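Remarks on the structure that follows.
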Amino acid sequence: MIYIKENLCDFCGTCVSVCPVNCIELFEAKIEIDNEKCIDCNLCVKVCPLDVLEVKDEK
Amino acid sequence: MKSNWDVIVVGGGPAGSMSALHSAKYGASVLMLEKDREIGVPVRCAEGVGVVGLQKLIKVDERWIKTKIDKIDIISPNNTSVKVKFDTKDNGYILDRRIFDNDLALLASQAGVTVKTKSYVHGLTFSENGSVNGVKANILGKEVNLSSKIVIGADGVESRIGRFAGLKTALKIRDIGSGVQAVVSGIDIDQNTMKFYVGEKYAPGGYLWIFPKGNNIANIGLGISGNRCDIKKPKDSLEKFLSKHFPNGSILNYVAGGIPLAKTLDKIVTDGLVLVGDAARTVNPISGGGIVSGMNNGKLAGIRVAEAIKENNFTEKFLKKYKDDWYKADGKNHERLYKIKNFILSLTDNDFDHIAKKASAIPIEKRSVLKVFKIVVWRKPSLVLDVVKAFSGF
């Protein structure tokens, strides 16, 4: 699953623009990832300008 | 507030405002919804525009202009500088987007558009035949369903409105520029030159920019191609550049942002919906500039949308006229630029140094953007015609 370091996030939407399954919601100062819909492609992690997103293994 | 509108515009940037303004100007009732608390903020933009392009669209107010640009300076990895002086027709402005975007929304409101901020659209509604007929929104904390004849998606790089209607707006990873920018003060730079640094050490698959804003302030930022972001992270690269070149500069503002470096989407209209600006991928895929092209695109959409309202025809077939207008205006040129961009992505630092050496050997009074780009594609002659067509009007 994808984990957000929200205190660093600038809510710029770069992650949203590449998500192939549209599972990221972006509000004015909040971001939510629907990990049920997420297919673990990790494109969002790769393109984040601030390196805010992390992949965490499910336990 | 009423709940039935001819047109609902989602997003209050320049493309949204222009589409709203022109829809209203030709008689439609228009609501424009902006998710953030203030139009024009945060400024996720380097703020450069061409003077001629902007003047064609709107009467320019001096308050929007921070500096006037008459030359560019491209710096290759081994520090070879290629300066190009503009002809008057190519001159640029660095804008203050905070004032500019606000004024565009104000002009829209003066033309009859109702504007609301802190208004987040999280879904669309559909009629029985599948046509878009409204939005689900949260306006100042209150959940509402609003109905419309046509929705205009001007929601920027994220472009979720289109996806809600089944359009494929997700960007390929090689078509997103992952960007960061700092507004830096206390630095001594030429106030009329836009500087571009190319190469792996600055921005793999993209470039680093210094755009002056007057009073020893500049937008300094960079965009890295999405598929190269594992080599280098934008924020680390900018930090390194700033500490080396401007160690004493103050940072007044710091933003991140994605830049859609694609050609316009194949499908930007469907029944009851059109996409405009960054959401439709109308940014210049080489420069990353999208203000004027987005405004022009928004204007073309607004005119056709108003026509559709008058004729009571909101079908994809009718709205496609807007797509054709756009293709003729800039869309076709962007396809050429996109081909050239894909070639540029294959260039190495050695290639850039070689190109810079050849370009700097042209006497400065004869150097032009067109000539520089002809050298850029020297290894791929099949692109020369595209370069000539794309840049002859530069």
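Remember, it's a predicted structure, so these values are computed and weren't measured experimentally. Heavy atoms only: backbone and side chains are in, while hydrogens, waters and symmetry mates are out.
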Looking only at heavy atoms and a cut-off of under 4.5 Å, which of [options] has the most pairs with chain A?
{"options": "B:G226, B:A256, B:G257", "answer": "B:A256"}
{"options": "B:R44, B:R37, B:K235", "answer": "B:R44"}
{"options": "B:I173, B:D236, B:V255, B:V180", "answer": "B:I173"}

Qualifying salt bridge (Lys or Arg N to Asp or Glu O under 4.0 Å) pairs with a residue from residues 255-264 of chain B, counting only residues at least two apart or across chains: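 Every candidate salt bridge (Lys or Arg N to Asp or Glu O under 4.0 Å) pair involving residues 255-264 of chain B fails, so no pair, neighbours aside, qualifies.
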
B:K118, part contacting chain A, at a heavy-atom distance under 4.5 Å: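 Contact with chain A involves the side chain of B:K118 alone.
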
Chi angles and distances behind the side-chain contact (heavy atoms from CB on, under 4.5 Å) call for A:F27, B:N138: CA-CA 11 Å; A:F27 303 91; B:N138 185 299; over 6 Å; no

Pairwise distance CG(B:L261) to CD1(B:I344) - rounded to 0.5 angstrom: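 Here the rounded value is 11.0 Å.
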
Ring geometry between B:W209 and B:F211 (parallel below 30°, tilted from 30 to 60°, perpendicular above 60°):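 Answer is tilted, since the angle falls between 30° and 60°.
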
Which residues share a ring-ring contact (aromatic ring centres under 6.0 Å, His included) with B:F164, sequence neighbours left out: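 For B:F164, no residue satisfies ring-ring contact (aromatic ring centres under 6.0 Å, His included) once neighbours in sequence are set aside.
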
Winner by heavy-atom pair count (cut-off under 4.5 Å) against chain B, out of A:A29, A:C48, A:S17: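 That would be A:S17.
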
Top of A:L43, A:L50, A:I24 for chain B proximity - count of heavy-atom pairs under 4.5 angstrom: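 So the answer, after comparing A:L43, A:L50, A:I24, is A:L50.
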
